[in-house]
2 protein chains.
Amino acid sequence: MKKSTLSRKQEIYRIAAQLFKEKGYSAVTMRDLAAAVGVKAASLYNHITSKQQILSETILHIAEQFTEGIEIIVQQDVDAITKLKEVIAQHISLTIDNPYGMAALNNDWMHLEGKLDYYLELRTRYEKRFRQIVIDGKKSGELKEVHTEILLYSILTTLRNLYLWIPKKGELKKEELIEELSITLIQGVEK
Amino acid sequence: MKKSTLSRKQEIYRIAAQLFKEKGYSAVTMRDLAAAVGVKAASLYNHITSKQQILSETILHIAEQFTEGIEIIVQQDVDAITKLKEVIAQHISLTIDNPYGMAALNNDWMHLEGKLDYYLELRTRYEKRFRQIVIDGKKSGELKEVHTEILLYSILTTLRNLYLWIPKKGELKKEELIEELSITLIQGVEK
DNA sequence: AAATTAGACTAACAATTGTTAGTTTTACAA
DNA sequence: TTGTAAAACTAACAATTGTTAGTCTAATTT
């Protein structure tokens, strides 16, 4: 495979992820994708092997980054609040890098066919690590005594859906976003 | 139309919303829906007029409740924090009443055909009222000086995705959930 | 210049889609 | 018991789906 082939494939993947974000995997046809790329549907198959493969490579690549990232974070010897901030920063970074892929990860994971079990395993591992940070933070007195699951899903949901509004906030600097979102999520909105 | 017809129609709508939540509107076929109802696909049309109608009635019914609800909340003569708590309570109530419909509202609104503009109008109105609460709260010194959009979307995203985990929390009482989620969102997770 | 190859094309496929038409069965009112 | 209407059924439709086969063209390598 040559460089030009690789970048053509990547261009298809990138455009596919954009369309998946707009309409969802199932509603995007290979003819839609081909038109957006500027080519006939059959020509796509010179570069990709299937529609399903586009989805699973897109999703799993990101999911692996998240799970590997949090496993590094949890084993650091720092307090829970610091870990939480690092998790927030990781979400922001990965979302800025690939907002369309994040949309697919969030909305289309159930359409993974062969790789669904692997995806679910990655997600379970991720949530387990995140939950451990919350539990440790409560035990050490850093976090409020609120139901773990409420605390967990309330933060996690905001982070998982950053892709919905991060692209619009082009004017906001990444470091500033990390700072403000950390404040909002950790210290709340009340003055 | 008789009572039995109405309840049959409602049963179809209810099951459809469940399937939409699992796989998304586009991935649910009328044959899937029929099988879940226990009937052949063609028989559905004795009760409904189209797949699209199921989606739009499901989504718009909820969207109207939200927009009407927040317009009542904003015009009350109470402080911003109280309004915020009422918005949170409304989200929890409507989500408990109809978690599957909430999923469709969140994930499948873009597949509305004739009614898409109306939906977007409702959503814009809703966000405008919500944003006004945030702006007022900052002005009155009740809320932190964080970017309005960050504060807005961070809360709103959590609320919009309650359907993802509320069904699992059957053991948790509604009033308790409102209390704990209000604390988490308004005062943050840090002790 | 000749040969090879990457990558576009047209045409077609088998399967699946939402929906309609027409018919039979079920259930209730008379 | 008979008549009527609701609601199930089978069969089919036209359109659309992902994908393959085979061909042509343009670019690159020899």
Side-chain angles (χ1 to χ4, degrees), chain A residues 1-59 104 107-116, chain B residues 1-59 104 107-116:
Chain A
M1 239 179 297
K2 308 227 304 250
K3 177 158 153 271
S4 68
T5 303
L6 268 179
S7 73
R8 190 67 161 151
K9 181 182 172 181
Q10 283 167 343
E11 187 197 5
I12 292 171
Y13 272 58
R14 203 192 68 234
I15 295 175
Q18 290 179 19
L19 296 181
F20 292 167
K21 187 199 168 194
E22 279 170 36
K23 316 203 296 172
Y25 175 75
S26 303
V28 175
T29 72
M30 295 306 280
R31 285 165 183 82
D32 290 338
L33 175 55
V37 173
V39 108
K40 297 288 177 178
S43 306
L44 295 172
Y45 290 84
N46 287 318
H47 306 281
I48 61 151
T49 71
S50 69
K51 187 189 180 190
Q52 175 64 206
Q53 188 210 36
I54 298 178
L55 184 70
S56 69
E57 284 192 22
T58 299
I59 289 181
N107 305 320
D108 289 316
W109 58 267
M110 71 287 278
H111 300 118
L112 289 172
E113 287 158 13
K115 305 283 183 71
L116 177 59
Chain B
M1 244 177 295
K2 307 229 300 254
K3 179 159 152 269
S4 68
T5 304
L6 269 179
S7 73
R8 190 67 163 149
K9 180 181 172 181
Q10 283 167 344
E11 189 197 4
I12 292 170
Y13 272 59
R14 203 193 68 235
I15 295 176
Q18 289 179 19
L19 296 182
F20 293 166
K21 186 198 169 197
E22 279 169 36
K23 316 201 297 174
Y25 175 75
S26 303
V28 175
T29 71
M30 295 306 280
R31 285 164 183 82
D32 290 339
L33 175 55
V37 172
V39 108
K40 297 289 177 178
S43 307
L44 295 172
Y45 289 85
N46 287 318
H47 306 282
I48 61 154
T49 71
S50 69
K51 187 189 181 191
Q52 175 65 205
Q53 188 210 37
I54 298 178
L55 184 71
S56 69
E57 285 193 20
T58 299
I59 289 182
N107 304 321
D108 289 316
W109 58 268
M110 71 288 279
H111 299 118
L112 290 171
E113 287 158 13
K115 306 283 183 70
L116 177 59

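Throughout, a chain's letter reflects where its sequence line sits, starting with A, and its residues are numbered from 1.
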Looking at [X], I'd like to know whether one of its side-chain N or O atoms comes within less than 4.0 Å of OP1 or OP2 on [N].
X     : N      : value
B:H47 : D:dA8  : yes
B:K51 : C:dG18 : yes
A:S43 : C:dG7  : no

Starting at [atom1] of [X], measure out to [atom2] of [Y] and round the result to the nearest 0.5 Å.
X      : Y     : atom1 : atom2 : answer
A:L112 : A:I59 : CG    : CD1   : 4.0 Å
A:L19  : A:T29 : CG    : OG1   : 9.0 Å
A:L33  : A:I54 : CG    : CD1   : 5.5 Å

Report task. Decide yes or no on side-chain contact (heavy atoms from CB on, under 4.5 Å) for A:E22 and A:D32, but give the supporting numbers first. Result -> CA-CA 12 Å; A:E22 279 170 36; A:D32 290 338; over 6 Å; no
Send over the distance from [X] [atom1] to [N] [atom2], rounded to a whole Å.
X     : N      : atom1 : atom2 : result
A:L33 : D:dT19 : CG    : P     : 11 Å
B:Y45 : D:dT10 : OH    : P     : 17 Å
B:K40 : C:dG18 : NZ    : P     : 16 Å
B:I54 : C:dG18 : CD1   : P     : 10 Å
B:Q10 : D:dA7  : CD    : P     : 13 Å
B:L44 : C:dT17 : CG    : P     : 14 Å

Query raised in the report: When you look at A:R8 and A:E11, which way does the salt bridge (Lys or Arg N to Asp or Glu O under 4.0 Å) test go after all the steps?
Result: CA-CA 5 Å; A:R8 190 67 161 151; A:E11 187 197 5; 2.8 Å; yes
Query raised in the report: Does A:R31 or A:A41 map to a spot on DNA chain C nearer the 5' end, using the closest nucleotide for each?
Result: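 Final value for this comparison: A:A41.
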Query raised in the report: Does A:Q52 use its side chain to pair, donor to acceptor, with the backbone of A:E113 at less than 3.5 Å?
Result: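 Pair found, side chain donor or acceptor close to backbone of A:E113.
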Query raised in the report: Can you tell me if A:K51 uses its side chain to pair, donor with acceptor, with the backbone of A:V28 under 3.5 Å?
Result: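 Here the side-chain-to-backbone pair exists.
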Query raised in the report: With sequence neighbours excluded, what pairs up with A:F20 under the ring pair (Phe, Tyr, Trp, His ring centres under 6.0 Å) test?
Result: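 Listed in chain order: A:Y25.
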Report task. Could you tell me whether the side chain of A:L116 reaches within less than 4.5 Å of the side chain of A:W109, counting heavy atoms only? Result ->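 Sidechains of A:L116 and A:W109: in contact.
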Query raised in the report: Given that both pair distances must be under 3.5 Å and the pair must be Watson-Crick or G-U, what runs of three or more consecutive pairs involve DNA chain D?
Result: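 For DNA chain D the paired stretches long enough to count as stems (3 pairs minimum) are C:1-27 with D:4-30.
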Query raised in the report: Has the side chain of B:N46 got a donor or acceptor that lies under 3.5 Å from a partner of the other kind on the base of D:dA6?
Result: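 Counting by modelled atom types and ignoring angles, no donor-acceptor contact under 3.5 Å is found here.
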**Report entry** Any N/O donor-acceptor pair, A:R8 side-chain to C:dG7 base, under 3.5 Å
**Finding:**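 Checked by distance alone, the answer is no.
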Requested in this report: Residues of residues 23-30 of chain A with any non-hydrogen atom less than 4.0 angstrom from an atom of DNA chain D: list those, numerically ordered, please.
Outcome: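 When residues 23-30 of chain A is checked for heavy atoms under 4.0 Å from DNA chain D, the hits, listed by number, are A:V28, A:T29, A:M30.
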